[in-house]
Amino acid sequence: MWQDLYKAAFYYLLKLGVPQADAEDIAQEALLSTYLNLDGIQEGKLKAYVLTAARNKYIDYLRKTKKDMTVSIIDVFPQSTFSEFQQIENKEVIKKAVNKLTLNEQKLFYLKFILEMSNEEISSYLKTNSNTVKTMVWRLRKKLKEYLKEGEKS
């Protein structure tokens with residue numbers, strides 16, 4: 001369980017643009033923080049807590065090093081997480097479609113399709129209602145489908 005949470009936090013930090021060595025350290029700190037606060041975490045919200053802790057530790061790291069916070073575009077898309085996109089052979093089309101999304105939409109895309117988080121986990125992470133997340137995911141899918149159709153035409 002802890003190894004899965006570590007991997008989720010580590011890959012999440014890499015997607016945020018954190019260098020690999022720093023991502024390893026920050027993910028480890030996030031897990032330590034989670035372990036120390038385990039009693040206060042609601043059941044079923046452990047993954048969301050770890051990702052939030054990782055994000056907050058990254059922000060602390062940026063403050064200490066006084067770097068600008070940037071979010072990199074998602075570069076690698078594991079084929080196994082694209083159940084509805086498996087028909088598309090060209091990953092470049094998907095990358096272009098995701099690049100057209102806003103940063104918040106890219107974050108939602110990453111949480112839902114790369115980390116395969118449930119709507120409840122995402123709502124806990126984003127501190128919003130589960131139904132709002134459901135609507136956001138539906139709109140995201142609709143937007144991606146439009147972008148993918150545009151990409152196929154060109």
Side-chain angles (χ1 to χ4, degrees), residues 1-86 88 91-141 143-144:
M1 173 182 81
W2 289 105
Q3 288 178 337
D4 292 338
L5 291 171
Y6 174 80
K7 286 180 184 178
F10 175 71
Y11 288 118
Y12 175 67
L13 290 165
L14 288 178
K15 296 302 177 191
L16 290 178
V18 180
Q20 184 174 353
D22 294 334
E24 290 171 354
D25 294 341
I26 295 169
Q28 206 169 30
E29 288 179 26
L31 284 180
L32 178 62
S33 171
T34 302
Y35 182 75
L36 294 174
N37 296 313
L38 203 53
D39 294 337
I41 302 171
Q42 294 179 358
E43 189 174 326
K45 297 190 177 188
L46 186 60
K47 190 173 188 177
Y49 187 91
V50 168
L51 293 177
T52 302
R55 185 191 65 214
N56 291 340
K57 296 284 182 188
Y58 176 49
I59 291 170
D60 292 343
Y61 166 79
L62 289 174
R63 286 182 185 142
K64 289 177 185 174
T65 59
K66 297 183 182 183
K67 292 182 180 177
D68 293 330
M69 187 160 90
T70 60
V71 178
S72 66
I73 304 302
I74 298 172
D75 291 325
V76 180
F77 300 105
Q79 193 66 20
S80 63
T81 59
F82 284 100
S83 58
E84 68 183 65
F85 298 126
Q86 284 181 340
I88 301 170
K91 290 183 182 181
E92 290 300 316
V93 174
I94 297 172
K95 286 181 187 179
K96 288 178 184 176
V98 173
N99 286 340
K100 291 180 183 179
L101 299 172
T102 66
L103 291 179
N104 285 335
E105 290 169 335
Q106 288 179 16
K107 181 193 279 186
L108 180 63
F109 177 86
Y110 179 76
L111 295 173
K112 185 67 178 176
F113 299 107
I114 304 296
L115 293 181
E116 298 176 342
M117 291 175 70
S118 68
N119 290 346
E120 290 76 26
E121 290 175 319
I122 295 171
S123 69
S124 173
Y125 176 75
L126 298 177
K127 296 177 182 150
T128 187
N129 187 314
S130 178
N131 289 327
T132 303
V133 171
K134 187 176 178 181
T135 302
M136 290 167 50
V137 169
W138 182 83
R139 289 179 182 160
L140 175 67
R141 284 184 174 155
K143 201 175 204 182
L144 275 173

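Sequence positions, counted from 1, serve as the residue numbers for this chain.
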Report the C-alpha separation of Lys134 and Asn129 in whole Å, then their side-chain angles, then the decisive distance to 0.1 Å, and conclude whether the side chain to side chain donor-acceptor pair (under 3.5 Å) test is met.
CA-CA 9 Å; Lys134 187 176 178 181; Asn129 187 314; over 6 Å; no
Residue pairs, two or more places apart or on separate chains, that pass salt bridge (charged side-chain N to carboxylate O under 4.0 Å, His left out) and touch residues 49-62
Asp60-Arg63
For Tyr11, all residues meeting side-chain hydrogen bond (donor to acceptor under 3.5 Å, both in side chains), sequence neighbours excluded:
none
Across all chains, not counting sequence neighbours, the salt bridge (Lys or Arg N to Asp or Glu O under 4.0 Å) partners of Asp25 are none
Of all residues at least two apart in sequence or in a different chain, which pass the side-chain contact (heavy atoms from CB on, under 4.5 Å) check with Asn56?
Thr52, Ile59
Approximate separation, where rounding is to 0.5 Å, of Leu13 CG and Tyr58 OH
8.5 Å
Listed partners of Thr135 passing side-chain contact (heavy atoms from CB on, under 4.5 Å), at least two apart
Arg139
Can you tell if the side chain of Val98 reaches within under 4.5 Å of the side chain of Gln106, non-hydrogen atoms only?
yes
Kindly compute the distance separating CD (Glu121) from CD (Glu116), expressed to the nearest 0.5 Å.
10.5 Å
Indicate the atoms forming the closest heavy-atom contact of Ile26 with Ala54, along with that distance.
CG2-O, 3.7 Å
Testing Thr128, Thr132, Leu108 one by one against Ile122 for a side-chain contact (heavy atoms from CB on, under 4.5 Å), which residue passes?
Leu108
In Å, rounded to the nearest 0.5 Å, how long is the span from CG of Asp22 to CD of Glu29?
10.0 Å
Please name all residues satisfying side-chain contact (heavy atoms from CB on, under 4.5 Å) with Asn104, sequence neighbours left out, ordered by chain then number.
Thr102
Check side-chain hydrogen bond (donor to acceptor under 3.5 Å, both in side chains) between Lys7 and all other residues, then give those that pass, not counting sequence neighbours.
none
For the atom pair OH (Tyr12) and CE (Met117), what is the distance rounded to the nearest 0.5 Å?
9.0 Å
Value for CG (Leu111) from CG (Leu51), rounded to nearest 0.5 Å, stands at 7.0 Å
Kindly compute the distance separating NZ (Lys107) from CG (Leu101), expressed to the nearest 0.5 Å.
14.0 Å
Closest contact, heavy atoms only, Ala8 versus Tyr110
O-OH, 4.4 Å
For the residue pair Ser124 and Ala48, what are the closest heavy atoms and their distance?
OG-CB, 3.8 Å
List for me each residue that meets side-chain contact (heavy atoms from CB on, under 4.5 Å) alongside Gln20, sequence neighbours excluded, and say none if there are none.
Phe10, Leu14, Glu24
Those residues that, when tested against Lys143, pass salt bridge (Lys or Arg N to Asp or Glu O under 4.0 Å) (two or more places apart)
Glu105
